[in-house]
2 protein chains.
Amino acid sequence: MEDNKERAEIDNKDLDEETLFVVSQTFKALGDPTRIRILNLLFHKEFSVNGISETLHLRQSTVSHQLRFLKNLRLVKYRREGTTLYYSHDDEHVMNMLRQTIEHACHN
Amino acid sequence: MEDNKERAEIDNKDLDEETLFVVSQTFKALGDPTRIRILNLLFHKEFSVNGISETLHLRQSTVSHQLRFLKNLRLVKYRREGTTLYYSHDDEHVMNMLRQTIEHACHN
DNA sequence: ATAAAATATGAACATATACTAATATATGCA
DNA sequence: TGCATATATTAGTATATGTTCATATTTTAT
């Protein structure tokens, strides 16, 4: 036996529950068209909630809900300016995956 | 104006419906713990349906349903040997994303 | 042709998810 | 304080999703 009780999860037959949860949550975040559109919008610059709402033709409520979802997963962050909140992306790894997959899907 | 009517989707404010569908479907496939476990299992070698079922303690029916899902997205393929079907992964890009994200999640 | 083994399918069910309308909260300013 | 603007939250609803049981299909061997 070696001194490492457990090898990296990737080498095991099965994954532990916590890893499974985090990974599935992360991908779930990218598994919805609305959230993809929002993240894609935030690729280049920050947007206010209303900015997103108007640009993507989504209800303010819908945008706010999805931003909370993304915020909980730390995929976006915001800064305040008066009553306005400016959201921007906050996870390079996820944004890279998204970019790659979009490029991959765009019948290159 | 230039001769390219449309730049790559990634540079536009919004994505077209088809791209949105493909991308969200791809991530949706990775957004479920059961499918993640199956794909993770298929990382190293092929497995029969029953093999997956027994290894992951899942009903045969559940595995079969999820494999169909993954097959429709061309994330897995199979070869036949008698009455047994051996499944293996069929999308390097997706498997790489999965590996990266698992490693990323495993509090490295 | 019939039976056995492996896998696929269909229907039913419970839960999760996303959107909406209505309302609440928070901030800045007169 | 009172009002306007921006955002968040709550509750309700419709749809999507994942699992299970039962059954059908497919393939091989006898």
Side-chain angles (χ1 to χ4, degrees), chain A residues 14-15 17 20-42 46-88 90, chain B residues 14-15 17 20-42 46-88 90:
Chain A
D14 204 1
L15 302 168
E17 207 167 321
L20 220 42
F21 181 75
V22 174
V23 174
S24 64
Q25 280 297 111
T26 302
F27 284 118
K28 220 170 270 186
L30 300 173
D32 175 71
T34 300
R35 287 190 291 269
I36 292 176
R37 293 173 73 205
I38 292 175
L39 287 175
N40 180 62
L41 195 63
L42 298 181
E46 63 181 11
F47 271 82
S48 70
V49 177
N50 276 338
I52 297 172
S53 178
E54 287 158 20
T55 307
L56 300 182
H57 307 291
L58 295 167
R59 312 265 172 180
Q60 177 268 323
S61 176
T62 298
V63 175
S64 190
H65 277 303
Q66 299 297 9
L67 284 174
R68 181 170 62 170
F69 185 109
L70 296 171
K71 183 85 178 31
N72 286 339
L73 290 173
R74 299 176 190 284
L75 265 42
V76 300
K77 63 179 188 294
Y78 65 82
R79 71 180 178 84
R80 177 181 290 278
E81 197 166 295
T83 60
T84 303
L85 303 185
Y86 290 96
Y87 279 84
S88 54
D90 197 27
Chain B
D14 204 1
L15 303 167
E17 207 166 321
L20 220 43
F21 181 75
V22 174
V23 174
S24 63
Q25 281 296 112
T26 302
F27 284 118
K28 220 170 270 186
L30 300 174
D32 174 71
T34 300
R35 288 191 289 271
I36 292 175
R37 294 173 72 206
I38 293 175
L39 287 175
N40 181 62
L41 195 63
L42 297 182
E46 63 181 11
F47 271 82
S48 69
V49 177
N50 275 337
I52 297 170
S53 177
E54 287 158 19
T55 306
L56 300 182
H57 307 291
L58 295 167
R59 313 267 173 181
Q60 177 267 324
S61 176
T62 299
V63 175
S64 191
H65 278 301
Q66 299 296 11
L67 285 174
R68 180 170 61 171
F69 185 109
L70 296 172
K71 183 84 177 32
N72 286 338
L73 290 173
R74 298 178 191 284
L75 265 42
V76 299
K77 62 180 189 294
Y78 65 82
R79 71 180 178 84
R80 176 181 289 280
E81 198 167 296
T83 60
T84 302
L85 303 184
Y86 289 97
Y87 279 84
S88 54
D90 197 28

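Chain identifiers are assigned alphabetically (A, B, ...) following the order of the sequence lines, protein sequences preceding nucleic acid strands; residue numbering begins at 1 within each chain. Because the structure is predicted, anything quoted here is derived from the model rather than measured.
Rounding to whole angstrom units, CG of residue A:Leu85 and C1' of C:dG28 are separated by 13 Å. For B:Lys77 and C:dT7, the NZ to P distance is 17 Å, given to the nearest whole Å. Following rounding to the nearest Å, B:Leu58 (CG) and C:dT7 (P) show an atom-to-atom distance of 14 Å. Across the protein-nucleic acid pair, A:Phe47 atom CZ and D:dA6 atom C1' stand 17 Å apart, rounded to whole Å.
Take A:Arg79 and apply the side chain to side chain donor-acceptor pair (under 3.5 Å) test, not counting sequence neighbours, and it matches A:Glu46, A:Glu81. The ring-ring contact (aromatic ring centres under 6.0 Å, His included) check on B:Phe69 picks up nothing, with sequence neighbours excluded. By the side chain to side chain contact (heavy atoms under 4.5 Å, CB included) test, B:Leu56 pairs with A:Asp14, B:Arg37, B:Ile38, B:Leu41, B:Ile52, B:Leu58, sequence neighbours left out.
Residue B:Tyr87 is classed as a sugar-phosphate contact, given heavy-atom separations below 4.0 Å to backbone atoms only. Heavy atoms of B:Thr62 sit under 4.0 angstrom from at least one base atom. Counting any heavy atom pair closer than 4.0 Å across all strands shown, A:Ser61 reaches a base atom. Counting non-hydrogen atoms under 4.0 angstrom, B:Tyr78 reaches nothing in the nucleic acid.
A close approach under 4.0 Å does not occur between any side-chain nitrogen or oxygen of B:Asn50 and OP1 or OP2 of C:dA5.
Under the 4.5 Å side-chain criterion, counting only non-hydrogen atoms from C-beta, A:Phe47 is not in contact with A:Tyr87.
Interface residues of residues 23-35 of chain A facing DNA chain C, ordered by number: A:Lys28, A:Asp32, A:Thr34, A:Arg35; criterion, heavy-atom separation under 4.0 Å. Within residues 64-74 of chain B, the residues approaching DNA chain D are B:His65, B:Gln66, by heavy-atom distance under 4.0 Å.
Pairs engaging residues 50-65 of chain B under the side-chain hydrogen bond (donor to acceptor under 3.5 Å, both in side chains) rule: none recorded [sequence neighbours left out].
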Side-chain donor-acceptor distances from residues 20-35 of chain B under 3.5 Å, at least two apart:
| residue | atom | partner | partner atom | Å |
| --- | --- | --- | --- | --- |
| B:Ser24 | OG | B:Leu20 | O | 2.9 |
| B:Ser24 | OG | B:Phe21 | O | 3.1 |
| B:Thr26 | OG1 | B:Val22 | O | 2.8 |
| B:Asp32 | OD2 | B:Thr34 | N | 3.1 |
| B:Asp32 | OD2 | B:Arg35 | N | 3.2 |
| B:Arg35 | NE | B:Ala29 | O | 3.0 |
| B:Arg35 | NH1 | B:Gln66 | OE1 | 2.9 |
| B:Arg35 | NH2 | B:Lys28 | O | 3.2 |

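At its two ends the helix from C:dA1-D:dT30 to C:dA30-D:dT1 runs along axes set 10° apart, each axis drawn from five pairs and the angle rounded to 10°.
Judged by closest nucleotide on DNA chain C, B:Gly51 is the one of A:Arg59 and B:Gly51 placed further toward the 5' end.
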So which protein N/O to nucleotides 23-30 of chain D N/O distances come out below 3.5 Å?
none

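Under the 3.5 Å distance criterion, the side-chain polar atoms of A:Arg74 are left unmatched by any main-chain donor or acceptor of A:Val76.
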